[in-house]
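In what follows, a single structure is set out as structure tokens and then discussed.
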Amino acid sequence: MTVQETRPSAAVLPVRWAADAVATMREGARVRLDYSAQSLWRVDRLIEEIRREGPPFAAMENELRGFGAYAGEVIARQTGGEWWATGGDHWLRTPEGRLWDPIDEARRCFGGHGSLRLLCRDAVNAGRR
């Protein structure tokens, strides 16, 4: 008999969005995302490349949500954090009690003012203090 890991229901959508982003990047852009902190360098660069092409935010909203959810899953795996949801918004809560918003950080990256890699670094380091 195998023991199945359970996750909070708030994780259902972000986990799906992250998996969709991984599949889309693998199949469409031939970029492999492996849920490592190092892979967030690639995601930051991808968002920057897309931003330079100039698509409207509305056209990128789902992809940015997926990239943010992917970053959240990286943080969750690195820190033992878990997803929380309220009113349709999703945050990641790390064990020391801090809330992180990787989906909004992906939107900030698209605006040229954020970094998923640095968000992950900060979340991991906050748990070590």
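- Residues satisfying the side chain to side chain donor-acceptor pair (under 3.5 Å) criterion with Glu61, sequence neighbours excluded, are absent altogether.
- Separation of atoms CZ (Arg117) and CZ (Arg45) is listed at 10.0 Å; rounding is to 0.5 Å.
- Put simply, Ile103 and Leu46 are part of two different groups of oily side chains (I, L, V, M, F, W, Y) that touch within less than 4.5 Å, one to the next.
- Atoms CG and CH2, on Leu13 and Trp83 in that order, are 10.5 Å from each other to the nearest 0.5 Å.
- Put simply, Leu33 and Val74 are part of the same group of oily side chains (I, L, V, M, F, W, Y) that touch within less than 4.5 Å, one to the next.
- A donor-acceptor contact shorter than 3.5 Å is absent between the side chain of Arg77 and the backbone of Ala37.
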Hey, mind stepping through Tyr70 and Trp17 against side-chain contact (heavy atoms from CB on, under 4.5 Å) and telling me if it holds?
CA-CA 7 Å; Tyr70 173 78; Trp17 297 330; over 6 Å; no
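- Note: Ile75 CD1 to Glu105 CD = 9.0 Å, rounded to the nearest 0.5 Å.
- We find the OG1-CG distance between Thr94 and Leu99 to be 7.5 Å, quoted to the nearest 0.5 Å.
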Evaluate Glu48 against Arg52 for salt bridge (charged side-chain N to carboxylate O under 4.0 Å, His left out), listing each step before the verdict.
CA-CA 6 Å; Glu48 175 63 23; Arg52 285 187 192 152; 3.0 Å; yes
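- Pairs passing the ring-ring contact (aromatic ring centres under 6.0 Å, His included) check and including a residue from residues 95-125, sequence neighbours excluded, do not occur.
- Taking hydrophobic clusters as Ile, Leu, Val, Met, Phe, Trp and Tyr residues chained together by side-chain heavy-atom distances below 4.5 Å, Val12 does not share a cluster with Trp84.
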Stepwise side-chain contact (heavy atoms from CB on, under 4.5 Å) check, Ile47 with Leu116
CA-CA 10 Å; Ile47 293 172; Leu116 295 171; 3.9 Å; yes
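- Hydrophobic clustering keeps Leu64 apart from Val15 (ILVMFWY residues linked when any side-chain heavy atoms are closer than 4.5 Å, directly or through intermediates).
- Taking SG of Cys109 as the reference point, atom CZ of Arg51 lies at 9.5 Å (rounded to 0.5 Å).
- Once rounded to the nearest 0.5 Å, the distance linking CZ of Arg98 with CG of Asp122 reads 7.5 Å.
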